[in-house]
> 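Mind having a look at this structure? Questions to follow.
Predicted, not measured: the structure shown is a model, and the values here were computed from it.
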Amino acid sequence: MALLLLAQRAHVRRRRRPPQERVFRARTEFLNLPEEVIIQRYRLHPALIRDLCHLLEHDLQPSTGRSHALPVYVKVTAALDFYTSGTFQTPAGDAAGISQASMSRCVTQVTEAIVRRAHRFIRFPRGRIQRRAAARDFHRLHGFPGAVGAVGCTHVALKPPSDHESRYRNRWRYHSMHMQAVCDARGALTHIVAEYPGSVSEEDILVQSSLGHMFQNRGQDDDDAWLIGGRCYTQKPWLMTPIEDPQSPAELQYNDSHTAALSVLSAAFGSLKSRFRCLSRRGGSLQYSPLKVSQIFVACCVLHNMALSHGLVVPVEERDEWSDVDAAEEGSEEAEHVRQELLRKHFSSR
């Protein structure tokens with residue numbers, strides 16, 4: 001009987017349901033929006049978004065001939081929606097008119113494409129001519145001589161890997177990546193290190209970075225060029241930090257100029273997180289791997305520099321978390337000698 005039933009069922013053909021017509025949600029094309037709406041929504045000028053689409057076109061061009069493949073501008077504006085919203089993929093994907101899965105793919109593709117081109121937009125001054133120009137800007141704009149960059153770190157919150165949770169817990173007791181950046185006198189980012197978990201100190205990141213190695217092995221021609229850093233760093237021959245207990249007029253003037261010069265990096269971090277709320281803790285923690293969080297940070301730094309080059313600034317909506325922890329060690333005698341020479345040559349006669 002069982003075999004008979006199986007035989008009968010084998011001859012019964014399933015009725016195929018008629019194919020359902022796919023429904024594609026309407027997409028908002030950014031070119032059709034008013035300029036002020038585009039700037040408010042994407043935090044970038046329409047011309048800059050077009051330039052970005054052209055820049056990334058080779059990487060983002062659909063490889064399929066399907067009529068409903070996502071065009072480049074949709075991928076770019078979907079990623080910008082995510083960067084600037086400070087929310088996760090569903091709201092940003094709805095705004096772009098695509099699904100959450102498509103939104104995730106867009107963010108990944110656009111982020112990786114921007115990171116591949118980061119070296120074009122994030123460039124530390126190389127050679128004596130470039131460094132002299134950078135130092136002139138710091139001296140003219142902020143009154144601090146010889147500085148070729150301001151260095152510091154900022155935290156970007158993330159959901160930590162379960163197997164290394166403690167490594168990502170920072171001194172403020174939340175999980176993060178600790179990102180190092182250097183900026184020029186105008187707030188453009190010139191060097192990025194985006195690979196360390198939140199528990200690693202600013203000092204350790206700098207010393208282990210390629211930037212630290214470059215300054216430690218610099219030639220005599222660069223002896224009059226240095227970075228500016230906060231109290232969390234140890235004074236070095238190539239890194240000027242604040243004087244802890246200034247007494248003389250020269251020391252007070254030094255600290256005033258140092259504060260003015262270093263504030264440009266604080267403003268750059270604040271602008272970066274105000275423009276791209278996905279980096280701000282106010283938007284929650286990024287639910288991605290440390291590698292992808294690092295890539296998103298670098299991509300946003302590239303876009304920050306592109307926006308600055310077009311004169312587009314945003315109001316700073318939050319103050320970045322700066323470390324008030326003093327360096328664990330005092331600077332060397334050589335480092336203190338360099339700072340004393342700087343005081344004598346540039347601050348004592350003021």
> Got more than 12 heavy atoms from elsewhere within 6.0 Å of CD, E36?
yes
> Applying salt bridge (charged side-chain N to carboxylate O under 4.0 Å, His left out), name anything that partners E336, two or more places apart in sequence or on another chain.
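In terms of salt bridge (charged side-chain N to carboxylate O under 4.0 Å, His left out), with neighbours along the sequence ignored, E336 is linked to R339.
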> Between H45 and E35, is any pair of side-chain heavy atoms under 4.5 Å apart?
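Heavy-atom side-chain distance check passes, below 4.5 Å.
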> Is the closest side-chain heavy-atom distance between R41 and D81 below 4.5 Å?
yes
> Is it true that atom CZ of R140 has more than 12 heavy atoms of other residues, nucleotides or ligands lying nearer than 6.0 Å?
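Count over threshold, so yes.
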> What closest approach, in Å, do C301 and I122 show between heavy atoms, and which atom pair accounts for it?
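In terms of heavy atoms, the two residues are closest at CB-CD1, 3.9 Å.
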> Which residues end up grouped with V313 if you chain together Ile, Leu, Val, Met, Phe, Trp and Tyr wherever their side-chain heavy atoms are less than 4.5 Å apart?
L308
> Can you tell me how far apart OG (S309) and NE2 (H304) are? Round to the nearest 0.5 Å.
10.0 Å
> Applying side-chain contact (heavy atoms from CB on, under 4.5 Å), run through L141 and V264 and close with a yes or a no.
CA-CA 10 Å; L141 296 175; V264 70; over 6 Å; no
> Write down the atom of V115, the atom of A299, and the distance for their closest heavy-atom approach.
CG2-N, 4.3 Å
> Could I get the full list of salt bridge (charged side-chain N to carboxylate O under 4.0 Å, His left out) partners for E195, not counting sequence neighbours?
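So E195 forms no salt bridge (charged side-chain N to carboxylate O under 4.0 Å, His left out) with any residue.
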> Can you list everything that forms a ring pair (Phe, Tyr, Trp, His ring centres under 6.0 Å) with H142? Sequence neighbours excluded, please.
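H142 satisfies ring pair (Phe, Tyr, Trp, His ring centres under 6.0 Å) with F138 once adjacent residues are dropped.
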> Quick one: are S294 and Y288 in side-chain contact, heavy atoms under 4.5 Å?
no
> Is the shortest distance from a Lys or Arg side-chain nitrogen in K75 or E112 to a carboxylate oxygen in the other one below 4.0 Å?
no
> Do V193 and L279 share a hydrophobic cluster, counting only Ile, Leu, Val, Met, Phe, Trp and Tyr and linking them when any side-chain heavy atoms are less than 4.5 Å apart?
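No; tracing contacts between hydrophobic side chains, which count when under 4.5 Å, never links both residues.
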> Going by side-chain heavy atoms closer than 4.5 Å, which hydrophobic residues are tied to I39, directly or by a chain of links?
L312
> Taking C-beta and beyond as the side chain, do W238 and V338 meet within less than 4.5 Å on heavy atoms?
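No, their side chains stay 4.5 Å or more apart.
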> When you compare the side chain of V207 with that of T234, does any pair of heavy atoms fall below 4.5 Å?
no
> If you take all heavy atoms of A134 and P125, which pair is closest and at what distance?
CB-CG, 4.2 Å
> Applying a strict under-4.5 Å side-chain criterion to I, L, V, M, F, W and Y, I'd like to know whether V37 and L80 cluster together.
yes
> Looking at R167, is its backbone amide N or carbonyl O close enough to the side chain of S199 to form a donor-acceptor pair, meaning the two atoms are under 3.5 Å apart?
yes
> Take Y73 and I49 through the test side-chain contact (heavy atoms from CB on, under 4.5 Å) and record every step on the way to the result.
CA-CA 8 Å; Y73 81 86; I49 298 177; over 6 Å; no
> Can you see which heavy atom on F215 is nearest to which on A225, and at what distance?
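Smallest interatomic distance, heavy atoms only, reads CE2-O, 4.0 Å.
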> Is it true that a side-chain atom of Q287 and a backbone atom of S285 form a donor plus acceptor pair closer than 3.5 Å?
yes
> For A101, does its backbone N or O pair with a side-chain atom of S104 as donor and acceptor, under 3.5 Å?
no
> Is the backbone of S271 close enough, under 3.5 Å, to the side chain of S274 for a donor and an acceptor to pair up by distance?
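Absent.
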> Report the distance from atom NZ of K273 to atom SG of C278, rounding to the nearest 0.5 Å.
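Reported value, rounded in 0.5 Å steps: 10.5 Å.
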> State whether the number of non-hydrogen atoms from other residues, nucleotides or ligands found under 6.0 Å of H310 atom NE2 is greater than 12.
yes
> Nearest 0.5 Å, what's the CG-CE distance between L44 and M306?
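Separation between the atoms: 8.0 Å.
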> Could you tell me whether the side chain of R126 reaches within less than 4.5 Å of the side chain of Q130, counting heavy atoms only?
yes
> What distance do K236 atom NZ and W226 atom CH2 have between them, rounded to the nearest 0.5 Å?
15.5 Å
> Whether the side chain of Q109 engages the backbone of L60 through a donor-acceptor N/O pair (distance < 3.5 Å, no angle test) should be reported.
no
> Do the non-hydrogen side-chain atoms of R277 and R43 ever get within less than 4.5 Å of each other?
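The answer is yes; the side chains approach within 4.5 Å.
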> Check whether E57 reaches the backbone of V72 with its side chain - one donor and one acceptor, N or O, closer than 3.5 Å.
no
> Can any side-chain N or O of R281 pair as donor or acceptor with the backbone N or O of A157 at less than 3.5 Å?
no
> Mind checking the CG-CD spacing from L211 to Q216? Nearest 0.5 Å is all I need.
9.5 Å
> Do any N or O atoms from the side chain of T154 and from the backbone of M179 form a donor-acceptor pair under 3.5 angstrom?
no
> Using modelled atom types only, decide if a donor and an acceptor are shared between the side chain of H337 and the backbone of S332 within a distance under 3.5 Å.
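A pair under 3.5 Å: no.
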> Identify whether I205 and Y168 are in the same connected component of the hydrophobic contact network (ILVMFWY, side-chain heavy atoms under 4.5 Å).
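Shared cluster, no.
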> Is V200 reachable from L239 through a run of I, L, V, M, F, W or Y residues, each pair having side-chain heavy atoms under 4.5 Å apart?
no
> Any idea which heavy atoms bring L265 and A181 closest together, and the distance?
CD2-O, 3.9 Å
> Tell me, with the steps shown, if F82 and V110 meet side-chain contact (heavy atoms from CB on, under 4.5 Å).
CA-CA 11 Å; F82 171 72; V110 172; over 6 Å; no
> Scan for ring pair (Phe, Tyr, Trp, His ring centres under 6.0 Å) pairs involving residues 177-214, sequence neighbours excluded, and state none if there are none.
H155-H178
> Considering non-hydrogen atoms only, spot the tightest contact between Q253 and F347 and give its length.
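Taking Q253 first and F347 second, the nearest heavy atoms are OE1-O, 2.9 Å.
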> Give a yes or no on whether the ring-centroid distance for Y83 and Y42 is below 6.0 angstrom.
no
> Could you check whether any side-chain N or O of N305 sits under 3.5 Å from a backbone N or O of L189, counting only pairs where one atom can act as donor and the other as acceptor?
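Yes: the side chain of N305 pairs with the backbone of L189.
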> Under the side chain to side chain donor-acceptor pair (under 3.5 Å) rule, what do T108 and R105 come out as? Steps first, then yes or no, please.
CA-CA 5 Å; T108 297; R105 287 192 293 271; over 6 Å; no
> What do the steps show when you test K292 against T111 for side-chain contact (heavy atoms from CB on, under 4.5 Å), and what is the final call?
CA-CA 9 Å; K292 190 162 185 180; T111 299; 5.7 Å; no
> Please say whether more than 12 non-hydrogen atoms of neighbouring residues, nucleotides or ligands are located less than 6.0 Å from CD in Q40.
no
> How about L56 and R117: do any of their side-chain heavy atoms sit closer than 4.5 Å?
yes
> Starting from L55, can I reach V74 by hopping between I/L/V/M/F/W/Y residues whose side chains sit under 4.5 Å apart?
yes
> Heavy-atom count around R123 CZ within 6.0 Å, excluding the residue itself: above 12?
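Result for CZ/R123: open.
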